[in-house]
K.L.:
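Attaching a single structure in structure tokens format; questions to follow.
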Amino acid sequence: MTTPDLPTELWLEILSYLPKGSIRRLIGVNRVLFELGFREIYEEFRLISADKETMKALSQLRHPNIAKHVRRMFIQPAFLPAPNDPRRHSKRRNSWSMPRRPMKQIGGAAHLTGPSGNSQDPAREPDILLRAAKEITNLCINLEDLTITLHECVVTPSFMAFIKSLWIGNSVGPCFRRLTIRTTVAKIPLLLAPLIKHPKDLPNFEELVFDISIAIHLVHTDVDWISATQHLGLFAKAHKQTITALSISSMLYGDVLAELFTNLPHFSKLKKFELFAILNVRTFSNRKIFNEFIALHAPTLEALIIIPRPQGSSIDPPTDNTYRQWLVADVPSNIMEMALFSQFSLPNLRTFHVGLTKTAPEMYHDLSGHSTTVHPPLLPSLICVAPAITRLTLGQAQITRNELSGILNLLPTRGGQVILEEFSFVCHILFCSVLDVLARRLPLLKCLTIKYHMAATDDNDASPTLWNGHPSVTEFPIAMRSRCYPSWPVRYLRMLYASSCNEGHPAEEDMAVVAASISPLVFLDNMRTCTCTVPDLLPRSIWSSMEWHFE
């Protein structure tokens, strides 16, 4: 017996309280849940392996009623030959010498068969798979998000034919919103040439992501980099009127990024810009062109993310002072530093995510706790640069209590109060007094995220030599229970222990005691975003209670 249909919005609210994937078991309840479940099952298509599961999915997508549910397509062809794969050359010879054999459909999927009807020549399976994928591109008419990942492999004619058909067909159409390309410098022109040659009117195309990696087997040349930047510029110019978010990530350490920004156009509606790159004296040599790009979009820019590290990489920040000088200097010391961050005027910027860097002596002094050296600030004054900022994320470098106080002095205020509503930072030791300062200096704060190595009471003398079993650490919960911040409007709290995976592990015990001092309405974000093993995720109290003996 079916249940009468409720409004779709009500069903979505009910499903939000159920575990993810529950909708698949409710498909038979009524028509609304059937459509919602069908959408979840087929909303993403992943083309990675040339296996039976992929062929089965392609067979199902041959039906228009199923293909119309595809919203996201992820293409990472692991079946393409590697540059040093000997089968690559033998395959090419066989393709010329072997006679063409008839094709037949098995379960809706195309398979190459010999005279006996058995599947032959596994080396040609990728071509067969791509031919089948090419056939369904016109049916995925509601595609919104396309991701193409192509690194160390040989681009075959059949793959390029598939990419071309995907772009000039009906898949990339009025519903298309986001394009992500992750590839090497040499492959950028190959992937973008069909898109440039066959431009399309995409009224809802809003987000463009480029992730540029380094090829291990084939080092690119300066000519390759120039060609790549030109193709990126030509493609961006074709859609400059609709793009509202642009993200660029680069692992390049010897190519001048200014060549890329020289070719990029003015995006009239750009609201969000992200840059994840190695910013050293070589890549960031011509900062004037980068500054001009930011300044050109200042009137519309609402979110700015600048991290001196490739996205998803564990590469250390640059050792030279190029990026730090550009970020924090107020007055240029020479002609090479005429372009500085402090020269920006970003009146509509609300979100700022910036990577902080420290020198080796600074990090040593932080850990030793004994330093009289005055170091330059970690953050520029945002009072004039971004007077409307309400969300601030400070990444990478760990900041001390004194540095935190200095940063809070650089934030914009209104009516004598800092207007920040969301704040995220990293520190080595989270002292109780840090929370006291935040509650006093950020009276409008609603969301707080802190990553740290350990939490402790305010024991200034012992801070450089703290360990998990130290009394200052074990007494942190007791000290927090004696504190109360009833007027602090924080309603979202996420506290993480620093980890080798760089994601951080939820500090559930610490979050609970801190939230208790604020309000019972605080939401504790305990979500784990890494794939670490169970021992790595155990609470610190378990590890601190264990005795370790070394001989």
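Values reported hereafter were calculated over all heavy atoms of this structure, with side chains retained and with hydrogens, waters and symmetry mates removed.
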K.L.:
By side chain to side chain contact (heavy atoms under 4.5 Å, CB included), which residues pair with Lys271, not counting sequence neighbours?
P.N.:
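Lys271 satisfies side chain to side chain contact (heavy atoms under 4.5 Å, CB included) with Glu302 once adjacent residues are dropped.
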K.L.:
With sequence neighbours excluded, what pairs up with Lys237 under the side chain to side chain contact (heavy atoms under 4.5 Å, CB included) test?
P.N.:
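Partners of Lys237 under the side chain to side chain contact (heavy atoms under 4.5 Å, CB included) test: Pro265.
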K.L.:
Has Lys187 got a side-chain atom pairing as donor or acceptor with Cys153's backbone, closer than 3.5 angstrom?
P.N.:
yes
K.L.:
So, using salt bridge (charged side-chain N to carboxylate O under 4.0 Å, His left out) as the criterion, who are the partners of Glu422 when residues are at least two apart?
P.N.:
none
K.L.:
Indicate yes or no: does Asp436 engage Arg483 in a salt bridge with an N to O separation below 4.0 Å.
P.N.:
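Salt bridge present between Asp436 and Arg483.
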K.L.:
Please test Phe341 against Phe352 for ring-ring contact (aromatic ring centres under 6.0 Å, His included), starting from the C-alpha separation and ending with a verdict.
P.N.:
CA-CA 13 Å; Phe341 183 88; Phe352 187 35; 5.4 Å; yes
K.L.:
Considering only NZ, NE, NH1 and NH2 on the basic side and carboxylate oxygens on the acidic side, decide whether Arg72 and Asp145 come within less than 4.0 Å.
P.N.:
no
K.L.:
Out of the candidates Tyr323, Phe261, Phe344, only one should pair with Phe290 under the ring-ring contact (aromatic ring centres under 6.0 Å, His included) rule; please name it.
P.N.:
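Looking at Tyr323, Phe261, Phe344, the match for Phe290 under the ring-ring contact (aromatic ring centres under 6.0 Å, His included) is Phe261.
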K.L.:
Answer yes or no: is there a side-chain heavy-atom contact under 4.5 Å between Ile148 and Leu191?
P.N.:
yes
K.L.:
Quick check against the 3.5 Å criterion: does Thr283 have a side-chain atom that pairs as donor or acceptor with the backbone of Ile278?
P.N.:
yes
K.L.:
With a 4.5 Å cut-off on side-chain heavy atoms, are Leu270 and Leu246 touching?
P.N.:
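Yes. Closest side-chain heavy atoms under 4.5 Å.
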K.L.:
So, the side chain of Gln417 versus the backbone of Arg414: is there a donor-acceptor pair under 3.5 Å, distance only?
P.N.:
no
K.L.:
Tell me, please, which residues at least two apart from Glu292 pass salt bridge (charged side-chain N to carboxylate O under 4.0 Å, His left out).
P.N.:
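With sequence neighbours excluded, Glu292 shows a salt bridge (charged side-chain N to carboxylate O under 4.0 Å, His left out) to no residue whatsoever.
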K.L.:
His239: which residues meet the ring pair (Phe, Tyr, Trp, His ring centres under 6.0 Å) condition with it, sequence neighbours left out?
P.N.:
Phe205, Phe235
K.L.:
For Arg182 and Thr147, what are the C-alpha separation, side-chain angles and deciding distance, and is it a side-chain contact (heavy atoms from CB on, under 4.5 Å)?
P.N.:
CA-CA 8 Å; Arg182 299 188 176 101; Thr147 298; 3.4 Å; yes
K.L.:
Tell me which donor-acceptor pairs under 3.5 Å the side chains of residues 388-395 have, and how far apart each pair is, sequence neighbours excluded?
P.N.:
{"unit_1": "Arg391", "atom_1": "NE", "unit_2": "Thr351", "atom_2": "OG1", "d": "2.7"}
{"unit_1": "Arg391", "atom_1": "NH2", "unit_2": "Thr351", "atom_2": "OG1", "d": "3.1"}

K.L.:
Quick one: list whatever passes salt bridge (charged side-chain N to carboxylate O under 4.0 Å, His left out) with Glu274, sequence neighbours left out.
P.N.:
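Expected list: Lys272.
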K.L.:
So does Lys358 pair up with Glu403, basic N to acidic O under 4.0 Å?
P.N.:
yes
K.L.:
So, the side chain of Arg71 versus the backbone of Glu43: is there a donor-acceptor pair under 3.5 Å, distance only?
P.N.:
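Flag not set: sc Arg71 to bb Glu43 has no pair under 3.5 Å.
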K.L.:
Suppose we screen for ring pair (Phe, Tyr, Trp, His ring centres under 6.0 Å). Which residues come up paired with His297, at least two apart in sequence or across chains?
P.N.:
His266, Phe267, Phe293
K.L.:
Please enumerate all residues that pass salt bridge (charged side-chain N to carboxylate O under 4.0 Å, His left out) together with Glu207, with sequence neighbours excluded.
P.N.:
Arg178
K.L.:
Would you tabulate the side-chain donor-acceptor contacts of residues 221-229 under 3.5 Å, counting partners in other chains and residues two or more places apart, or write 'none'?
P.N.:
{"unit_1": "Thr221", "atom_1": "OG1", "unit_2": "Val223", "atom_2": "N", "d": "3.4"}
{"unit_1": "Thr221", "atom_1": "OG1", "unit_2": "Asp224", "atom_2": "N", "d": "3.2"}
{"unit_1": "Thr221", "atom_1": "OG1", "unit_2": "Asp224", "atom_2": "OD2", "d": "3.2"}
{"unit_1": "Asp224", "atom_1": "OD2", "unit_2": "Thr221", "atom_2": "N", "d": "3.0"}
{"unit_1": "Trp225", "atom_1": "NE1", "unit_2": "Val256", "atom_2": "O", "d": "3.2"}
{"unit_1": "Trp225", "atom_1": "NE1", "unit_2": "Glu259", "atom_2": "OE1", "d": "2.9"}
{"unit_1": "Thr229", "atom_1": "OG1", "unit_2": "Trp225", "atom_2": "O", "d": "3.2"}
{"unit_1": "Thr229", "atom_1": "OG1", "unit_2": "Ile226", "atom_2": "O", "d": "2.8"}

K.L.:
Can you tell me if Ser499 uses its side chain to pair, donor with acceptor, with the backbone of Gly504 under 3.5 Å?
P.N.:
yes
K.L.:
Examine distances only and state if a side-chain atom of Asn348 and a backbone atom of Pro299 form a donor-acceptor pair shorter than 3.5 Å.
P.N.:
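Checked: pair present.
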K.L.:
Run the side chain to side chain contact (heavy atoms under 4.5 Å, CB included) test against Ile48 and tell me which residues pass, sequence neighbours left out.
P.N.:
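Arg46, Phe74, Gln76, Ala78.
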K.L.:
Got a salt bridge between Lys451 and Glu503, using NZ or NE/NH1/NH2 to carboxylate O under 4.0 Å?
P.N.:
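The answer is no: the pair does not qualify as a salt bridge.
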K.L.:
Please check this pair: side chain of Ser405 against backbone of Arg401, looking for a donor-acceptor N/O pair closer than 3.5 Å.
P.N.:
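Present.
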K.L.:
List the residues meeting side chain to side chain contact (heavy atoms under 4.5 Å, CB included) with Leu234, not counting sequence neighbours, and say none if there are none.
P.N.:
Ile196
K.L.:
Would you check if the side chain of Arg324 reaches a backbone N or O of Thr357 as a donor-acceptor pair within less than 3.5 Å?
P.N.:
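Yes.
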